[in-house]
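This is the structure I have questions about; it appears just below.
Heads up: numbering here begins at 1 and tracks the sequence.
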Amino acid sequence: MIDLRLNAIVGPERANGRPLAELTRLVVKGGATLIQLRDKLGSTRRMIEEARAIKAVLAGTGVPLVINDRLDVALVAQADGVHVGQDDMHAEDARALLGPQAIIGLSIKSVAQANAAPLDAIDYAGIGGVYATTSKDNPDPPIGVAGLRDVVAALRARRPDFPVCGIAGIDATNAAALIAAGADGVAVISALSMRDDPEAAAREMRSVVDRALVER
């Protein structure tokens, strides 16, 4: 089962001037368990080069790389899978193209989407946005901790062990609340990549998540 304790999302718009491969190396050293590459503005070629550089850094760590939305990039760069949103390629189509071993993640924002999610085709769900964020243009209002709890309950009613993480606006001060509400981990961008010391930030976040999981 995929380890979602610290899903670090890396992208050029939120890298604080660092190469993404170097940022990845730092957050993995600090405890990231999954890396997602998200680049909504760059060229396809740039994204493939980024993905390949990140894969090289992850070699031997056991930490997988998924590509946000871009299945073509995932295929060319031999990433471990993709993360798709509600308006991206259907998860079932991504599964058919990438095969049974690929990791497929799906963004879920509501109980209705949780009830309709193709659980046979996906490996995990990213739930949110939980809090307000400046990392992504999100037209939907934050669902909050209560909203996350409702979505988790809907998914777990269908599959009790289904892996989920919260996403958006998460930092070390509010991550524990999501774990207490049922999340297996957190997906984080700015709270890691915009810090002066991403490795220390990742270590702090992993500590918060691990402690909350023990106390749940």
Problem set entry | Main-chain N/O of Asp3 paired with Thr33 side-chain donor or acceptor, under 3.5 Å |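 Flag set: sc Thr33 to bb Asp3 pair under 3.5 Å.
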Exercise. Going hydrophobic residue to hydrophobic residue with side-chain gaps under 4.5 angstrom, can you get from Met194 over to Val188?
Worked result: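 Different clusters.
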Exercise. Which pairs with one or both residues in residues 143-160 pass salt bridge (Lys or Arg N to Asp or Glu O under 4.0 Å), sequence neighbours excluded?
Worked result: Asp120-Arg159, Arg156-Asp184
Exercise. Quick one: are Val10 and Gln36 in side-chain contact, heavy atoms under 4.5 Å?
Worked result: no
For this session: Ignoring hydrogens and angles, tell me if any N or O in the side chain of Gln86 forms a donor-acceptor pair with the backbone of Ser107 under 3.5 Å.
Result: yes
Exercise. Side chain of Arg216, backbone of Ile179: donor and acceptor closer than 3.5 Å?
Worked result: yes
For this session: Would you mind reporting whether Phe162 and Val152 have side-chain heavy atoms less than 4.5 Å apart?
Result: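 Side chain of Val152 against side chain of Phe162, heavy atoms only: no contact under 4.5 Å found.
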Exercise. If you measure only the distance, is there a donor-acceptor pair under 3.5 Å linking the side chains of Ser207 and Arg211?
Worked result: yes
For this session: Could you tell me whether the side chain of Leu155 reaches within less than 4.5 Å of the side chain of Ile127, counting heavy atoms only?
Result: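 They are in side-chain contact.
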For this session: Indicate yes or no: at least one non-hydrogen side-chain atom of Pro198 is less than 4.5 angstrom from one of Arg18.
Result: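 The answer is yes, as the side chains (C-beta and beyond) meet within the 4.5 Å cut-off.
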For this session: Let me see the working for Lys40 and Asp69 under side-chain contact (heavy atoms from CB on, under 4.5 Å), right down to the final yes or no.
Result: CA-CA 9 Å; Lys40 296 292 189 182; Asp69 181 21; 3.9 Å; yes
Problem set entry | Common cluster, Val63/Val186, ILVMFWY with side-chain heavy-atom separation under 4.5 Å |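 Same cluster: Val63 reaches Val186 through Ile, Leu, Val, Met, Phe, Trp or Tyr contacts under 4.5 Å.
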Problem set entry | Val164 reachable from Val208 in the ILVMFWY side-chain graph, under 4.5 Å edges |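 The answer is no; the residues belong to distinct hydrophobic clusters.
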Problem set entry | Step-by-step side-chain contact (heavy atoms from CB on, under 4.5 Å) determination, Ile35 to Val27 | CA-CA 9 Å; Ile35 299 296; Val27 297; 3.9 Å; yes
Exercise. Taking the side chain from Glu204 and the backbone from Ala200, do they hold a donor-acceptor pair closer than 3.5 Å?
Worked result: no
For this session: Would you check if Asp80 and Gln101 make a side-chain contact, meaning some heavy-atom pair closer than 4.5 Å?
Result: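 Sidechains of Gln101 and Asp80: no contact.
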Problem set entry | Residues Arg203, Glu199: salt bridge by 4.0 Å N-O rule |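 Result for this pair is yes, salt bridge flagged.
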Exercise. Where do Gly166 and Leu178 come nearest, in terms of heavy atoms and distance?
Worked result: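 Heavy atoms of Gly166 and Leu178 come nearest at CA-CD1, 4.2 Å.
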Exercise. Going by atom types only, do Ser190 and Arg195 share a side-chain donor-acceptor pair under 3.5 Å?
Worked result: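 Checked: Ser190/Arg195 side chains show no N/O donor-acceptor pair below 3.5 Å.
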Problem set entry | Heavy-atom closest pair, residues Gly128 and Ile143 |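 So the two residues come closest at CA-CD1, 3.9 Å.
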Problem set entry | Point-to-point distance, once rounded to the nearest 0.5 Å, from NZ of Lys109 to CG of Leu148 |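 Here the rounded value is 14.5 Å.
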Problem set entry | Straight-line distance of Arg14 CZ to Leu20 CG, nearest 0.5 Å |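 Rounded to the nearest 0.5 Å, the CZ-CG separation comes to 13.5 Å.
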Problem set entry | For Cys165 against Ala183, the heavy-atom pair lying closest together |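 Looking at all heavy atoms of both residues, the shortest contact is CA-CB, 4.4 Å.
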Problem set entry | Val82 versus Ala94, closest heavy-atom pair with distance |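 Of all heavy-atom pairs spanning Val82 and Ala94, the closest is CG2-CB, 4.1 Å.
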Problem set entry | Salt-bridge criterion met for Arg25 and Glu22 (N-O under 4.0 Å) | yes
Exercise. If you group Ile, Leu, Val, Met, Phe, Trp and Tyr whenever their side-chain heavy atoms sit less than 4.5 Å apart, what else falls in with Tyr124?
Worked result: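 Same cluster as Tyr124: Ile2, Leu4, Leu34, Val66, Ile103.
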For this session: Hey, could you give me the CE/CG distance between Met89 and Leu98, rounded to the nearest 0.5 Å?
Result: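 Met89 atom CE to Leu98 atom CG measures 8.0 Å (nearest 0.5 Å).
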For this session: Search all heavy atoms of Ala79 against all heavy atoms of Leu65 and return the closest pair with its distance.
Result: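 Smallest interatomic distance, heavy atoms only, reads CB-O, 3.7 Å.
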Exercise. Is atom CG of Asp161 surrounded by more than 12 heavy atoms (other residues, nucleotides or ligands) closer than 6.0 Å?
Worked result: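 Count over threshold, so yes.
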Exercise. Mind checking whether Ile167 and Ile9 have side chains closer than 4.5 Å, heavy atoms only?
Worked result: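 Yes, at least one pair of side-chain atoms sits under 4.5 Å.
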Exercise. What do the steps show when you test Val73 against Leu71 for side-chain contact (heavy atoms from CB on, under 4.5 Å), and what is the final call?
Worked result: CA-CA 5 Å; Val73 173; Leu71 184 138; over 6 Å; no
Exercise. Would Thr24 and Val28 satisfy side-chain contact (heavy atoms from CB on, under 4.5 Å), going step by step from the backbone distance to the final call?
Worked result: CA-CA 6 Å; Thr24 297; Val28 168; 4.1 Å; yes
Exercise. Roughly how far, to the nearest 0.5 Å, is CG of Leu23 from CG of Leu192?
Worked result: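 Here the rounded value is 8.0 Å.
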Exercise. Taking C-beta and beyond as the side chain, do Met47 and Ile67 meet within less than 4.5 Å on heavy atoms?
Worked result: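 The answer is yes, as the side chains (C-beta and beyond) meet within the 4.5 Å cut-off.
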Exercise. Does any N or O in the side chain of Asp123 come within less than 3.5 Å of the main-chain N or O of Ile104, such that one atom is a donor and the other an acceptor?
Worked result: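 Pair found, side chain donor or acceptor close to backbone of Ile104.
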Exercise. Any donor-acceptor pair under 3.5 Å linking the side chain of Asn174 with the backbone of Gly169?
Worked result: yes
Exercise. What distance separates His83 NE2 from Ile122 CD1, expressed to the nearest 0.5 Å?
Worked result: 9.0 Å
Problem set entry | same_hphob_cluster(Met205, Leu26) at 4.5 Å side-chain heavy-atom cutoff | no
Problem set entry | Spatial distance of atom CG (Asn7) from atom CD1 (Ile189) [nearest 0.5 Å] | 9.0 Å
Problem set entry | Taking every non-hydrogen atom, the tightest pair across Ala114 and Ala154 |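 That closest heavy-atom pairing would be CB-CB, 3.8 Å.
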Problem set entry | Residues Arg70, Asp39: salt bridge by 4.0 Å N-O rule | no
